[in-house]
Amino acid sequence: MPDLRGLLEERLRVAFDRIEPGTDPQVRPSDHADFQANGALALARRLGRNPREVAAEVVASAELDDVCRSVEVSGPGFVNLSVSEEFLSGQLAAVADDDRLGVPCSPEPTTVVVDYSGPNVAKEMHVGHLRSTIIGDGLCRVLEFLGHRTVRENHVGDWGTPFGMLIEHLLDVGEKEAVHELSVGDLDTFYRQARASFDAEESFRERARRRVVLLQSGDEETLRLWHVLVAESVRYFDEVYRQLDVLLTPEDVVGESFYNAMLPGVVEDLQAEGLLVESDGALCVFPEGFVNRHGDPLPLIVQKSDEGFGYAATDLAAIRDRVERIGAGVILYVVGAPQAQHLEMCFSVARMAGWLPLGTEAVHVTFGNVLGGDRKMFKSRSGTTVKLADLLSEGVERADAALAEREPDGGGPGRTEVARAVGIGAVKYADLATDRVRDYVFDWDRMLAFEGDTGPYLQYAHARIRSIFRRSGAAPPPPDTPIVLDQPAERALGLALLGYSEAVELTVDTWSPSRLCTYLFSLATAYTTFYETCPVLQAADPALRDSRLALCSLTARVLAHGLGLLGITAPERM
Ligand code: ARG
C-alpha cells in the first residue's frame, strides 16, 4: 500500500509521461486542497508552452476518479487535488487492520552495518557519544522494522599507545582499586591520573613505552591487564546503555583490537595494488581529491614511521571485514562531524583498493554539537565533560518533579517507570528532533516541557488517548468501523494518519530520525485540534462516536509505534 502522496504521484506520473517522459509531478501537501502538483510549471517552461494548458492536459488524462473528489487547475498552472472521503476512509480502515500501520517492508532488503556509539576504554563517554548512540539506535530500529538485516557494531576505542600508560597506572593504583574505580564509572579520574603521571615522570613514561611494546607483542600478563581495563569499561558502558534504553549489548562490541590481526594484510594488499607511498617514513595512500589548505595532497597514514598501525588502518580493515565477512550492502557511520574527512578518505581508499565494491554504500551519518546555554560546547559547571550517567539520572529526576507538579497526589504505582520514560524520552527526543547536522542547545526546561515539539508532549498525547478508553470503558472500535471525515479537523487527522509510511521512508532516505519526529509532532498537533473541536465520547450519533473513537485509537497506535522506532517508550498513563 503506497502512501497517499505517493499514490497520487504515481497516477500523475503516468499522465505527465504522456506529455514528456521523466517529469516529476511534484506532489506536495497543500493549503488549498489536500495536495497540489506543481510539475506542470517546470514542464511548460521546458516545452515553451502555456502552463495552465499543460496542467489541464494532465488533469484530463490522469486516472484519479477512484481517489479524488476534485481535481482542478488553479493559479498559474498548479493542480489541486482533494481526495474523496470514501477513499480516505477505505485507506484508514486498511491501516487500522494492518499490524505495520500501512508501512510496507522494503522491497529491497539488504544488510546494513551500523557503526555507532564508539566510546573509548577508560574514558568517560561524552555528549558526542550520546548523540551517536541515540541517532544510531533510532536508525537501527527503523531499518529493522523495514526488514533489513541490521548489524550493530560498537567500534570501541580499545587499542593503541595510551594503553601503555593506562596499564602502568592500573598497576600503580593496584588492580583491585582500579577495577573498583572503573566499575563505578570513574573513568575520567582514572585517565587523568594516568596522564598526569605520564606527563610528570620520565620513569613512568619509560614504563608506559615498554608496556606498549609488551602489549603489541602479545605478552600474556599485559594482555590480561589490558583485558581488565576493557571489560570494566564495557561493563560500565553497558550500564549507560541500559539506562538509555538502547539496543546495544556487549555482544555488539567490535572494538579496534578486533582488527589487529588484519592490519598487516591491509598494508600488504595496498602495497600489492601499488597504492602505498612512503612519506617521512610513514606508509600512506593519497586518495584523489583530498588536499590541505595549501592545496597539497593529503595522506591517509596507514602505517606510522614507528611501524605502528593507526586509526585509519583499523577503519580500512573494518570496511573489508564488513563487506567480506558480514556482507554489508550499506555501512552507516554515525560519527561526529570532526571525523568527516577521515571517514571520506577511508571510503575513498577502500574503493581504490576494491574493498568497497560499487554496489556497497558507505555513508557518514554526521551530526552537530551539543551546546550549553552559553552556546559553547556543553560542559558541566566545573568545566569538565558531563558524565552521561549523571545527566540521564538528572533527566529522570526532573521528569519526576514535573509529573509531581502536574499531579501532586499522583505518584501511584508505575510512577517511577513513567518518570524514567519521560526523562529519558525527553533527552532522546530533543536530540533526534533537531536536524542531525545542526548543533543544538541542551536545555532541560525546553526538552521537558509538556507543550511544543518535545518528547513529553508526544507521550502525553498518546497517554491522553489511552485514558479516554480507560475512563469510558469503550473498546477500541474494530478496524472496519466506517470513518466519517466531515469536519476539517477529522479530515486533517485522517490525512496525517495516512502519512506514516512516507515519514518512515523519508527517515531512511535521509538517514535522519528528525523526519520521523517532524511527522509525529504534526500528527499529535492534528490530533489536538481534532480533540478540541470534535466531541468524541459526547458525540450524539453512535456511528459518529465510533468513527471518532477509531480515529483516536489509530492515532494512539501510530504515536506509540513511531516513538518506539525512535527508542522512546510511550507510557499508558502519565
Ligand atoms: N572511538 C571514536 C571516538 O570516540 C569513535 C569511533 C567511530 N567509528 C569508527 N569506525 N571510526 O571518537
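Counting from 1, the numbers follow the sequence of the chain as shown. Note: hydrogens, waters and symmetry copies are ignored here, and every other heavy atom, side chains too, is used. Counting convention: from 1, in listed order, for ligands and their atoms alike.
Less than 4.0 angstrom separates some heavy atom of Gly118 from each of these atoms of ligand 1: 1 (N), 2 (C), 3 (C), 4 (O), 5 (C). For ligand 1, the atoms closer than 4.0 angstrom to any heavy atom of His129 are 3 (C), 4 (O). Interface atoms of ligand 1 facing Asp315, defined by a heavy-atom separation under 4.0 Å, are 9 (C), 10 (N), 11 (N). Close approach of ligand 1 to Val335 (heavy-atom distance below 4.0 Å) involves ligand atoms 7 (C), 8 (N).
No part of Val156 comes within 4.0 Å of ligand 1, judged by heavy-atom distances.
Residue Gln339 holds the heavy atom nearest to atom 12 (O) of ligand 1 of all those in Gln339, His126, His364. The residue among Tyr259, Tyr333, Tyr116, Tyr311 with a heavy atom at the shortest distance from atom 11 (N) of ligand 1 is Tyr311.
In terms of N/O distances under 3.5 Å, ligand 1 is approached by Asp115. Any N or O atom pair closer than 3.5 Å counts here, and Leu343 shares no such pair with ligand 1.
Heavy atoms of Glu256 come nearer than 4.0 angstrom to ligand 1 in no pair at all.
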Should Phe237 and His129 be marked as a ring-ring contact (aromatic ring centres under 6.0 Å, His included) after you check the CA-CA gap, both sets of side-chain angles, and the distance that decides it? CA-CA 11 Å; Phe237 298 149; His129 297 118; 8.0 Å; no
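Under the side-chain contact (heavy atoms from CB on, under 4.5 Å) rule, Val504 has a single partner from Val103, Leu101, Asp3, which is Val103. Screening Glu220, His227, Glu221 against Arg224 for a side-chain contact (heavy atoms from CB on, under 4.5 Å) leaves a single residue, Glu221. Considering Phe347, Tyr116, Trp511 as possible partners of Tyr333, the one that fulfils the ring pair (Phe, Tyr, Trp, His ring centres under 6.0 Å) test is Phe347.
Side-chain polar atoms of Arg211 and Thr222 form a donor-acceptor pair below 3.5 angstrom. Side-chain contact of Tyr460 with Glu451: a donor-acceptor pair under 3.5 Å is absent, judged by distance alone.
Of the possible polar contacts, one joining the Tyr429 side chain to the Cys517 backbone as a donor-acceptor pair under 3.5 Å is found.
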